Amino acid sequence: PKSKRATAGGLVVAWYFSNIGVLILNRYLLSNYGFKFPFFLTFCHMFACTLLSGLTALIGLVPRQYVRSRGHLVKVATLAIFFVSSVALGNMSLRFIPVSFNQALGATTPLFTAFFSFVILRER
């Protein structure tokens with residue numbers, strides 16, 4: 001249906017621009033403003049993500065998700081650790097590299113994801 005496509009398209013556009021805004025703001029805080037706490041900045045990101053994801057579930061924009069088993073919890077926790085590490089290391093790198101180079105590196109992610117998916121999982 002058109003309404004679902006419009007909602008999905010609107011969410012993707014909002015995500016894209018908010019991602020750019022967060023990246024530029026992080027760069028400004030960490031490099032130009034002299035904020036020296038990239039891990040605290042990462043904590044603020046994760047806290048905001050927790051609040052906003054809870055809000056989207058509360059208003060019914062997305063269905064509420066539950067951990068179904070110990071194995072599921074391990075998988076979610078592993079993903080969370082990698083995600084937080086990625087954000088924290090990205091925040092740390094913004095003190096030393098330009099935003100454009102950070103974005104260029106991020107653009108290579110699908111290539112490496114496909115490569116490791118093929119090598120590790122044997123998926124095509």
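Predicted model, so just to flag it, every value in this text is computed and none were measured. Counting begins at 1 with the first residue of the sequence.
Cluster annotation: F118 and F112 are assigned to the same hydrophobic cluster (Ile/Leu/Val/Met/Phe/Trp/Tyr, side-chain heavy-atom contacts under 4.5 Å, transitive). A continuous path of Ile, Leu, Val, Met, Phe, Trp and Tyr side chains, each step under 4.5 Å between heavy atoms, connects L29 with F40, placing both in one hydrophobic cluster. Under a hydrophobic-cluster definition in which Ile, Leu, Val, Met, Phe, Trp and Tyr are linked whenever side-chain heavy atoms come within less than 4.5 Å, directly or via other members, L111 and F115 are assigned to different clusters.
Applying the side-chain hydrogen bond (donor to acceptor under 3.5 Å, both in side chains) test to residues at least two apart or on different chains, none of the pairs has a partner in residues 106-116. Residue pairs meeting the side-chain hydrogen bond (donor to acceptor under 3.5 Å, both in side chains) criterion with at least one partner in residues 71-81, sequence neighbours excluded, do not occur; the list is empty.
With rounding to the nearest 0.5 Å, the separation of CG in L105 from CD1 in I97 is 5.5 Å.
F83 forms part of a hydrophobic cluster together with M46, V84, V87, judged by ILVMFWY side-chain heavy-atom separations under 4.5 Å.
S86 places no side-chain N or O within 3.5 Å of a backbone atom of F82 that could act as its donor or acceptor partner. With R27 contributing its side chain and L94 its backbone, the two residues share a donor-acceptor pair below 3.5 Å. Panel note: side chain S117, backbone A114; no donor-acceptor pair is recorded below 3.5 Å.
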Could you list the donor-acceptor pairs under 3.5 angstrom formed by side chains in residues 11-25, with sequence neighbours left out?
from: S18; atom 1: OG; to: A14; atom 2: O; distance (Å): 3.0
from: S18; atom 1: OG; to: W15; atom 2: O; distance (Å): 3.0

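In plain terms, the two heavy atoms of A107 and P110 that are nearest each other are O-CD, 3.3 Å. Closest approach of F39 and M92 over heavy atoms only: CZ-SD, 3.4 Å. Considering all non-hydrogen atoms of both residues, N91 and L30 come closest at O-CD1, 2.8 Å.
In this structure the side chain of H45 reaches within 4.5 angstrom of the side chain of N26, judged on heavy atoms. The shortest side-chain heavy-atom distance between I81 and S85 falls under the 4.5 Å cut-off.
Partners of F37 under the ring-ring contact (aromatic ring centres under 6.0 Å, His included) rule, at least two apart in sequence or in another chain, are F35. Under the rule for a side-chain hydrogen bond (donor to acceptor under 3.5 Å, both in side chains), Y33 has no partner lying at least two apart in sequence or in another chain.
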